[in-house]
Amino acid sequence: MSIRTGIVGISGFGGGEALRLIASHPSFDLVYAAGEGSAGSRLVDRFPGVPQALAGLVIEKWDPEALPDLDLLFASLPTGASAEALAAVPERVKIVDIGGDHRYAPGWIYGLADVWPEQIRGRSRVANPGCFPAATLNALAPLLATGLIAPGNIVIDAKTGISGAGRGGGGSFGYAQSNENLQPYGLLKHVHMPEMVTTIERLGAGSAAGLVFTPHLVPMTRGVLVTIYCRGSATTEQCMEAARNFYAERPFVRVTDRPPQTKWATGSNLSFVSYAADPQRDLVIAMGAVDNLGKGAAGHAVQNANLIFGLPETAGLEGAPVWP
C-alpha cells in the first residue's frame with residue numbers, strides 16, 4: 001500500500017519529527033511538504049540528513065485549497081492556526097492534526113490511541129492529544145477505568161523539555177533563559193487543561209472538579225515527566241495490575257515497577273507508566289514519561305494514521321529509544 005502523504009508545518013519541531021518517521025514508513029509516501037518561512041527551499045536545505053529520495057522535494061507555501069492529490073495530511077501548526085485552514089481541505093484527504101485546534105471539536109475524534117484505538121480506525125479527522133495529556137492520561141486511564149481513584153481533585157505536577165514550546169518558542173524559552181533554570185508556567189490556565197478535564201470525566205464517569213495542573217520547563221531538549229497525586233484506597237500492586245491488564249494488548253505502553261525516566265522514551269513512541277500508593281493515606285501517585293515529540297506529537301500522530309488506514313499500529317514506529 002502506498003499512501004500519498006503531506007506535512008504542513010514541516011519546519012517546526014513536530015513537523016520535522018513527522019518527516020523523520022514518515023521517511024522510513026513502509027506505507028506513507030511523502031509527496032507534499034508545506035511551510036511558511038521555509039517555502040521555496042528543498043527538504044535537503046532544511047534537513048541535510050533527509051534520505052536522498054526526498055532531498056529534492058520543494059517546500060511549498062501552505063494553501064489548503066491548492067493541495068496535490070493526497071490521501072493523508074499531517075498538520076503541525078501552532079494552536080489557533082489550523083481550524084479555518086483545515087476546514088478547506090477536501091473530506092477525501094484524511095487529516096491528523098498535531099496542533100491544538102481540534103481536540104474534542106465537533107466532527108473530530110480525540111486520538112488517544114493507546115486508550116481508544118477502535119474509535120480512531122477508519123476515521124477521516126483525528127486530533128492528536130497534547131504532549132502533557134499524552135503522558136498524564138495514559139497513566140491515569142487504567143485507574144479511572146477500574147474505579148481505583150476518584151476523578152476529582154487530581155493534582156498533576158509536570159516537567160517538559162524546551163522543544164515542547166515549538167520552534168517558535170525560542171523568544172521566551174531560549175537557551176539563555178532556560179539553561180541552569182527551572183520555571184513553572186501556564187498556571188491555572190494551560191491550554192491542555194480542557195482536554196484533560198474532558199478525558200478524565202469520560203474515563204472516570206464523574207466530575208474532574210478540583211483538577212490542578214502545573215507544568216514546569218526544565219533545561220533539556222525533549223521529554224515529559226508527570227507525577228500525579230490522586231485520591232484512592234488502592235495498593236501499589238492493585239494499580240500496577242490494573243495497568244498491566246488495561247495495556248496488555250497495547251504495543252507502546254510499558255508498565256514499570258520503577259519510577260519512569262524521560263530518557264527511557266527519547267526518540268520513540270513509547271509511554272512509560274508506574275504507580276505508588278498508600279491506602280492508609282488515601283493516596284495514589286501515578287507517574288508517566290514520554291518523548292514530547294514522539295508520543296507527545298509526531299509518533300502519536302503516525303500511530304493514529306496507522307489506525308485510520310487499517311495498517312499495523314506499529315508501522316514505522318518500531319525503532320528503539322535513543323540511549324544515552
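Judged as a side-chain contact (heavy atoms from CB on, under 4.5 Å), and not counting sequence neighbours, the contacts of Leu57 are Leu30, Ala33, Leu43. The side-chain hydrogen bond (donor to acceptor under 3.5 Å, both in side chains) check on Asn245 picks up nothing, with sequence neighbours excluded. Under the side-chain hydrogen bond (donor to acceptor under 3.5 Å, both in side chains) criterion, Arg4 pairs with no residue, sequence neighbours left out. Partners of Gln52 according to the side-chain contact (heavy atoms from CB on, under 4.5 Å) rule, which considers only residues two or more places apart in sequence or in another chain, are Ala55.
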Side-chain atoms of residues 204-229: list all donor-acceptor pairs with protein atoms under 3.5 Å, sequence neighbours left out, distances to 0.1 Å.
residue: Ser207; atom: OG; partner: Ala209; partner atom: N; Å: 3.0
residue: His216; atom: ND1; partner: Ala158; partner atom: O; Å: 3.0
residue: His216; atom: ND1; partner: Thr214; partner atom: O; Å: 3.4
residue: Arg222; atom: NE; partner: Asp291; partner atom: OD1; Å: 3.3
residue: Arg222; atom: NE; partner: Asp291; partner atom: OD2; Å: 3.0
residue: Arg222; atom: NH2; partner: Glu17; partner atom: OE1; Å: 3.4
residue: Arg222; atom: NH2; partner: Glu17; partner atom: OE2; Å: 2.8
residue: Arg222; atom: NH2; partner: Asp291; partner atom: OD2; Å: 3.0

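Residues Asn269 and Glu318 bring no donor and acceptor atom of their side chains to less than 3.5 Å of each other. When only modelled atom types and interatomic distance are considered, Asn292 and Ser163 share a side-chain donor-acceptor pair under 3.5 Å. Between the side chains of Asn304 and Asn128, at least one donor N or O lies within less than 3.5 Å of an accepting N or O. Between the side chains of Ser271 and Asn138, a donor-acceptor pair is found at a separation under 3.5 Å. Side-chain polar atoms of Asp97 and Ser82 form a donor-acceptor pair below 3.5 angstrom.
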Assess whether ring pair (Phe, Tyr, Trp, His ring centres under 6.0 Å) is satisfied between Phe132 and His190, documenting all intermediate values. CA-CA 10 Å; Phe132 288 120; His190 194 278; 5.5 Å; yes
Report the C-alpha distance between Met240 and Val255 in whole Å, list the side-chain angles of each, state the deciding distance to 0.1 Å, and finish with yes or no for side-chain contact (heavy atoms from CB on, under 4.5 Å). CA-CA 7 Å; Met240 292 287 191; Val255 183; 4.0 Å; yes
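Between Lys295 and Asp114, some side-chain heavy-atom pair lies under the 4.5 Å cut-off. Side-chain contact between Pro194 and Tyr104 is absent, with no heavy atoms from C-beta onward closer than 4.5 Å.
At distances below 3.5 Å, not a single donor-acceptor pair connects side-chain atoms of Arg42 with backbone N or O atoms of Val58.
Counting Ile, Leu, Val, Met, Phe, Trp and Tyr side chains that sit under 4.5 Å apart, directly or through other members, Val31 shares a hydrophobic cluster with Val8, Tyr32, Trp62, Leu67, Leu70, Leu73, Leu77, Leu86, Val89, Val93, Ile95, Trp108.
Separating the OG1 atom in Thr314 from the CG atom in Asn306 is a distance of 7.5 Å, to the nearest 0.5 Å.
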